[in-house]
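Before any comments, here is the structure.
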Amino acid sequence: MSEKIYLYPMWIRLWHALNAILIILLIITGVSMQYTDPSNPLIRFDIAVKMHNISGMILTLNYLIFLTGSFITPNGKYYKLTLKGLFPRLMKQFMFYTFGIFKHEKAPFPVTKESKFNPLQQFTYVIAMFMLVPIVIVTGWALLYPEVVLTKFLSGSGLRVNDFIHVIIGFFVSFFMFIHIYFCTIGATFVSNFKSMITGFHESH
Amino acid sequence: MTSLITNRIRKVTVHLLMAVFIMLLTSLNLVAQTKQKAVNAAFNEKCLKCHGQSKYKYLNPESGSEVTKRMYLETIINRDLFAESNHKNFKCTDCHSEDYDTFPHPGRLRMESKYACIDCHGGDEKYAKFKFEEIEKEFQSSVHATKHADDFNCWMCHNPHTYKIKTRSEEKIKDIVAYDNAICLNCHADITKYQMLTDKVNPNIIQKHAWLPNQALHFKNVRCIECHARANDSILVAHNIQPKAKAVRRCVECHSTNSILMATLYKYKVKEGRSKAGFYNGVIMNEGYVIGANRNYYLGLLSLIMFSCVAAGILIHASLRILKRKK
């Protein structure tokens, strides 16, 4: 008999759904622009540019909602990393995902009301939400208004450096997205974690 | 043995004397040229005394009084721009009639036919690299020539008194863009000049290009002719201006590794330096950034390898989960 815990309040679910849609749109349009091919475009260039710009702007607003929400609600506590003993905890979770899971061992850090994320989840979410996403947002706005934000960086074009950072971090966000979606299938059932983000209730094994 | 040494000394002496003679000739030539330039400049001052300002004065022989008149805008020559132009070393009467030497100028001189670029530059070995004949051919096929026939000539875009070559230089691309676009806007943003050739209402350029994303950035970073002229591999600057229906509207024409900008705006710089460090169209990156054209080969490869690793990892993990699932 699985246990259900209410972990995801309405605002988190709405924020998460919008964030997911926007990130997927940004990845598809970003790849389409970066690897644009006149004879075989993934998305027509001008449409991809507009979609990418608009999605990026909405993502910025959505990110501000996430930041504000994390400050004024208890949600922020889940992102507080405890550095002491972090590496052994990360390794324990890593070993579970690489070996334990196939031996049907119990998860080393079960989900509770106090601890929503396992150490590996917490660590990657902190990196994604407080490092990667802010960097793509800032560099994205700089690309949107290059005349205002960037002039010249060192001896070359500031745009070049900025674009490099935007594209590389964009790749990492994409990697995160793929792994995140895959790991969501590791729940009580294949779809239970996806359901949780709709109902708000987490279903334990 | 002695005669061999003597012969060698004689040869070296002859070569030295020849070198000194050539240097002397070159110096004399330079001195003569500089002198000629100074003479021409002094001669031109006689014309610029009136044509270099917005008014001119003359003595009316009948009334005996001095009369001040406004100079026609078309006949005012900007002294500073002329001094920097390609034709700065010419005497006014090299191109205009010698009869302008007298004042009042004879009325028939108004009918004086003006030279076109090809009249001086055509068939001249010194200017062969500019390919004026090809430019002339391109211009004759352009919408400017086909729609306006003889009313449209080289001078409408390339004012002989101010025109300065920009593209074949180390000038910044942005400066080249600003200079060249100003040539188009000279008529296309000035209704009075535009309507010298047509009765049509001058289209609002900003509105007509409203579809262009980041319009202001495009206007500052690329020339009108990038989209409005057909690129020609054999000349540096395209002169075959196309009708508006044939203008480039597909973003990927520029925003791709096969960017047409490499054959147009960046053509000269492309010849000067090739892309480095795995960057496609690296030349563009020296002064700008064009999405889709400036990608890096190694970065693309690395991302592909990383994506493949992530996909393979997920696939292996998922397969193992399926294989090891509880029965």
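This is a predicted model, so every value here is computed, not measured. Basis for what follows: all heavy atoms, side chains included, without hydrogens, waters or symmetry-related copies. Sequence lines set the chain letters: A, B, ... in the order given, protein chains first and strands last, and positions in each chain run from 1.
- Screening A/Phe172, A/Phe178, A/Tyr35 for a ring-ring contact (aromatic ring centres under 6.0 Å, His included) with B/Phe307, the sole residue that qualifies is A/Phe178.
- In this structure, OH in A/Tyr182 is found 7.5 Å from CD1 in B/Ile314, a value given to the nearest 0.5 Å.
- Heavy-atom distances place no part of A/Ser32 under 4.5 Å from chain B, backbone and side chain included.
- Checked by atom type and distance alone, the side chain of B/His317 pairs as donor or acceptor with a backbone atom of A/Tyr97 at under 3.5 Å.
- Note that the CD1 atom of B/Ile316 and the OG1 atom of A/Thr98 stand 13.0 Å from one another [nearest 0.5 Å].
- Counted within 6.0 Å of CZ on A/Phe175, heavy atoms from surrounding residues, nucleotides or ligands total more than 12; the atom is thus considered enclosed.
- In this pair, B/His255 and A/Phe45 present their aromatic rings parallel. The plane angle is below 30°, not in the 30 to 60° band.
- For A/Phe87, the CZ atom counts as loosely surrounded, since its 6.0 Å shell holds 12 or fewer non-hydrogen atoms of other residues, nucleotides or ligands.
- Interface remark: of the candidates B/Leu212, B/Asn214, B/Leu302, B/Leu299, B/Leu299 forms the most heavy-atom pairs closer than 4.5 Å to chain A.
- In B/Lys246, the NZ atom is not crowded: 12 or fewer heavy atoms of neighbouring residues, nucleotides or ligands sit closer than 6.0 Å.
- Summarising the local packing, CZ of A/Phe94 is surrounded by 12 or fewer heavy atoms from other residues, nucleotides or ligands at distances under 6.0 Å.
- Open room surrounds NZ on B/Lys129; 12 or fewer heavy atoms of other groups in view lie less than 6.0 Å from it.
- Within 6.0 Å of CZ in A/Phe190 there are 12 or fewer heavy atoms belonging to other residues, nucleotides or ligands.
- Proximity to chain A (any heavy atom under 4.5 Å) is shown, for B/Ala216, by neither the backbone nor the side chain.
- Heavy atoms from other residues, nucleotides or ligands lying under 6.0 Å from CZ of A/Arg89 number more than 12.
- Listed options B/Gly313, B/Pro213, B/Gly300 were ranked by heavy-atom pairs under 4.5 angstrom with chain A; first place goes to B/Gly300.
- Considering CZ of A/Phe171 and CE of B/Met306, their distance stands at 9.0 Å, rounded to 0.5 Å.
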